[in-house]
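Reviewing the structure listed below.
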Amino acid sequence: MPDTLEPRKPFEPGKLIQLGYLVVILCAFSWAKEFLLPIVLAVLISFLLAPVVSRLERWGLHLVLAVLSVATVAFALIGVICTTISLESLDLVNSLPKYRDNIRAKWAAIQKGPPGPFSLAFRNIGTLADDLGKVTAPAETAQQLEPTKVQIVSGADSSLTLVKNSVTPLVGPVAQFAVIVVLVVFILLERKRFRDRFLRLIGHSRLATTTLAVDEAGHRISNFLLGQLLVNSGYALVLWIGLSLIGIPNALLWAVLTLVLRFLPYVGLWISAFFPIVLSVAISTTWREPILTLGLYCFLEVFTNNVVEPFVLGGSAGMSPLAVIVSALFWTWLWGPIGLLLSTPLTASLVALGRYFPAFHVFSVLLAAEPPTPSETKLIRFLTENRLPEAKALMNELGGMQLTVEIAEEVIVPAVRAIENDLFPGTTAHQTKSRIYAQMRGLIEELTVAKPADNKAQELDLGKAGQGQPEIVIVPFLGEGDEIVGRILARLLESEGIGIDLLSWRTLRAEKVQNLKELEARWVVLSAIESRSGITVGKMAYSIQRLIPDAVIFVGLWSLPRENAARSVRKIKESSGTVVYTNLNEAIRGITSLVSAADKESHASLETT
């Protein structure tokens with residue numbers, strides 16, 4: 001046989017084992033549905049209420065009082081909504097007989113419509129209904145002529161049976177509601193401890209990455225639920241006013257029903273719209289009210305989807321529209337109607353986890369609104385295989401061999417992030433890693449940086465002539481990847497006319513601080529690309545601030561997501577008092593504006609003296 005034939009790959013049982021784990025997990029979710037649903041609902045309600053509790057705590061309110069007050073108000077509102085729906089539903093049922101004549105007149109008008117398939121179908125349905133009514137009428141008459149059986153029971157037994165039959169259907173829902181209330185209160189009270197225990201449980205080996213993943217998932221769910229609640233509340237208010245002006249009875253009932261059902265993706269609104277549209281047909285003698293009702297729902301839905309939700313929600317869930325539909329179908333199949341309600345938050349959590357853990361990466365690729373671009377993957381593969389000419393061709397294809405903020409953020413920085421956090425996490429000396437970075441450093445030096453079109457560079461260069469000291473010193477926090485991103489930032493800032501000095505990543509921490517003193521740095525940028533750096537970079541910034549009080553410290557956490565990094569950023573700001581950036585674009589804009597303002601102020605003071 002020819003030698004060019006490739007050997008057959010051996011069978012890998014690991015894939016089959018992973019599939020078996022997935023089947024077991026799905027079976028467990030389905031079997032334990034009654035146990036898991038109250039817990040999941042309580043967790044989601046806690047995500048919705050946690051930002052409010054945190055805000056009250058920052059205002060100085062004790063944790064217990066904050067939790068109890070927020071929980072009391074929230075569940076009181078839920079009780080008011082349930083009471084409103086019950087009372088309005090009873091009023092609607094009692095008023096339906098008044099519209100019987102209108103319903104018959106509308107049905108007769110539909111049957112007498114112009115000839116066609118629809119008119120024929122409606123006439124056949126009406127004939128069938130009349131025939132069924134004639135058949136059932138004699139049977140009901142015969143039953144009425146039969147003698148009624150009378151059974152004498154004691155009054156106490158009948159009252160007890162009546163109470164038992166009335167209360168039994170309510171025991172289950174009331175008990176589940178009470179369990180959810182208790183779980184929500186305790187989850188809010190212990191949320192920080194639960195978070196720490198969860199991190200220790202699943203992230204003991206990659207604590208920083210797990211922390212970022214949990215924070216992003218929690219932030220996405222909280223933002224989505226709060227934003228959706230605000231949108232639904234405004235939608236319900238406008239709908240209530242519109243239905244009242246049209247003259248639809250029980251407009252408050254339909255508004256509250258829409259507020260609740262719009263949490264169900266895509267189908268919830270039209271379920272709630274079906275009843276007032278049918279009611280408008282029943283109460284009116286013309287077709288004006290049904291057309292106005294349908295038009296009101298269509299206008300509100302189009303306006304909300306295209307104007308309000310993109311502004312309020314944005315990309316808070318981080319899922320594509322197709323992913324929302326598929327996840328709704330899957331969770332409805334698994335857990336029924338409650339699964340449809342929970343589908344978007346649960347799938348958003350999987351998408352957030354997929355950004356940080358390889359095991360969940362498939363969810364990030366298939367379901368995310370902006371899946372990872374393959375350009376950084378190609379760049380890593382070319383550099384790993386020592387195919388530098390092809391890497392240069394890729395950069396030329398993407399940006400014409402120019403180093404821009406877009407190329408850096410979309411290709412180079414994601415490649416460095418993947419190298420540091422996925423391919424070689426936690427390793428500082430690795431032969432393949434060093435070879436990749438050596439080629440990447442040369443590639444970055446070959447890229448040209450476009451000069452700014454305005455005179456900003458000249459404005460920033462005021463007073464620098466004759467000074468040998470740089471304006472900004474960039475300090476790699478841990479490894480070579482930090483220096484690579486620092487080099488990109490340095491070249492982009494140099495194009496703005498700012499003097500830059502980049503320290504080596506091999507320099508020890510004490511030597512870095514000594515170098516900063518010798519350079520008399522006015523501005524210091526700490527560059528950190530590894531996920532684990534988010535926990536300790538604030539300490540280094542604080543130590544530099546203490547040793548060089550006059551220096552302004554910037555921290556670049558290039559592995560934090562563009563959004564939903566508020567918790568980590570806030571911790572670093574509170575611990576060190578520094579300015580934190582999570583992407584190159586905002587770093588360049590922020591640093592340039594601050595340095596420009598400082599140079600103008602110093603130049604003005606020199607002129608006055």
Side-chain angles (χ1 to χ4, degrees), residues 402-410 412-413 447-467 469-477 482 485-503 516 519-529 534 537-538 540-542 544-545 548-563 565-566 568-608:
Q402 281 197 342
L403 180 61
T404 62
V405 176
E406 291 75 16
I407 290 296
E409 289 191 342
E410 294 176 5
I412 303 177
V413 173
L447 298 177
T448 60
V449 182
K451 298 296 181 181
D454 54 7
N455 295 325
K456 187 184 296 183
Q458 285 75 12
E459 293 179 4
L460 290 175
D461 207 35
L462 293 173
K464 292 184 188 175
Q467 294 184 7
Q469 305 300 333
E471 281 282 319
I472 295 178
V473 180
I474 299 178
V475 182
F477 180 59
D482 301 335
V485 182
R487 168 55 60 190
I488 298 172
L489 179 63
R491 294 205 61 194
L492 293 173
L493 288 175
E494 285 173 349
S495 68
E496 301 287 343
I498 302 176
I500 302 293
D501 195 346
L502 175 63
L503 301 185
L516 291 175
L519 292 172
E520 299 179 1
R522 298 171 54 195
W523 314 81
V524 179
V525 178
L526 289 176
S527 176
I529 190 68
V537 69
M540 184 174 180
Y542 178 72
I544 294 175
Q545 189 72 62
I548 312 176
D550 296 333
V552 178
I553 312 297
F554 303 100
V555 175
L557 292 177
W558 317 120
S559 281
L560 286 182
R562 293 176 180 268
E563 302 173 351
S568 300
V569 172
R570 186 173 65 250
K571 286 183 178 179
I572 296 173
K573 288 182 178 179
E574 292 175 353
S575 62
S576 59
T578 58
V579 181
V580 180
Y581 299 115
T582 59
N583 61 78
L584 291 175
N585 187 27
E586 67 176 16
I588 293 171
R589 288 190 287 105
I591 294 173
T592 302
S593 62
L594 291 175
V595 173
S596 175
D599 283 343
K600 288 181 179 179
E601 183 179 351
S602 61
H603 185 69
S605 61
L606 289 175
E607 288 182 347
T608 55

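For reference, positions follow the sequence shown, starting with 1.
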Tightest non-hydrogen contact, residues Ile553 and Gln545, listed as CG1-OE1, 3.2 Å
Applying side chain to side chain donor-acceptor pair (under 3.5 Å), name anything that partners Gln402, two or more places apart in sequence or on another chain. none
Could you walk me through whether Ile472 and Val595 pass the side chain to side chain contact (heavy atoms under 4.5 Å, CB included) check? CA-CA 9 Å; Ile472 295 178; Val595 173; 4.0 Å; yes
What heavy-atom pair brings Leu492 and Leu403 nearest, and what distance separates the two atoms? CD2-O, 3.7 Å
Okay, side chain of Ser527, backbone of Gly556: is any donor-acceptor separation there less than 3.5 Å? no
Intermediate values then yes/no, side chain to side chain contact (heavy atoms under 4.5 Å, CB included), Val449 and Glu494: CA-CA 9 Å; Val449 182; Glu494 285 173 349; over 6 Å; no
Could you tell me which non-hydrogen atom of Glu586 sits nearest to which non-hydrogen atom of Tyr581, and how far apart they are? OE2-CA, 3.2 Å
Check whether any side-chain heavy atom of Met540 lies under 4.5 Å from a side-chain heavy atom of Leu526, and answer yes or no. yes
In Å and rounded to the nearest 0.5 Å, what is the CG to CG distance from Leu502 to Leu493? 11.0 Å
Show the nearest heavy-atom pair for residues Trp523 and Leu594, with the distance to one decimal. CH2-O, 3.8 Å
Sequence neighbours excluded, the answer for salt bridge (Lys or Arg N to Asp or Glu O under 4.0 Å) partners of Arg491 is none
Taking C-beta and beyond as the side chain, do Val537 and Leu557 meet within less than 4.5 Å on heavy atoms? yes
Between CH2 of Trp558 and CG of Asn583, what distance do you get to the nearest 0.5 Å? 7.5 Å
Before giving the answer on side chain to side chain contact (heavy atoms under 4.5 Å, CB included), spell out for Ile412 and Leu447 the whole-Å C-alpha distance, their side-chain angles and the decisive distance to 0.1 Å. CA-CA 12 Å; Ile412 303 177; Leu447 298 177; 4.2 Å; yes
Heavy-atom donor-acceptor pair, Thr592 side chain to Arg589 backbone, under 3.5 Å: no
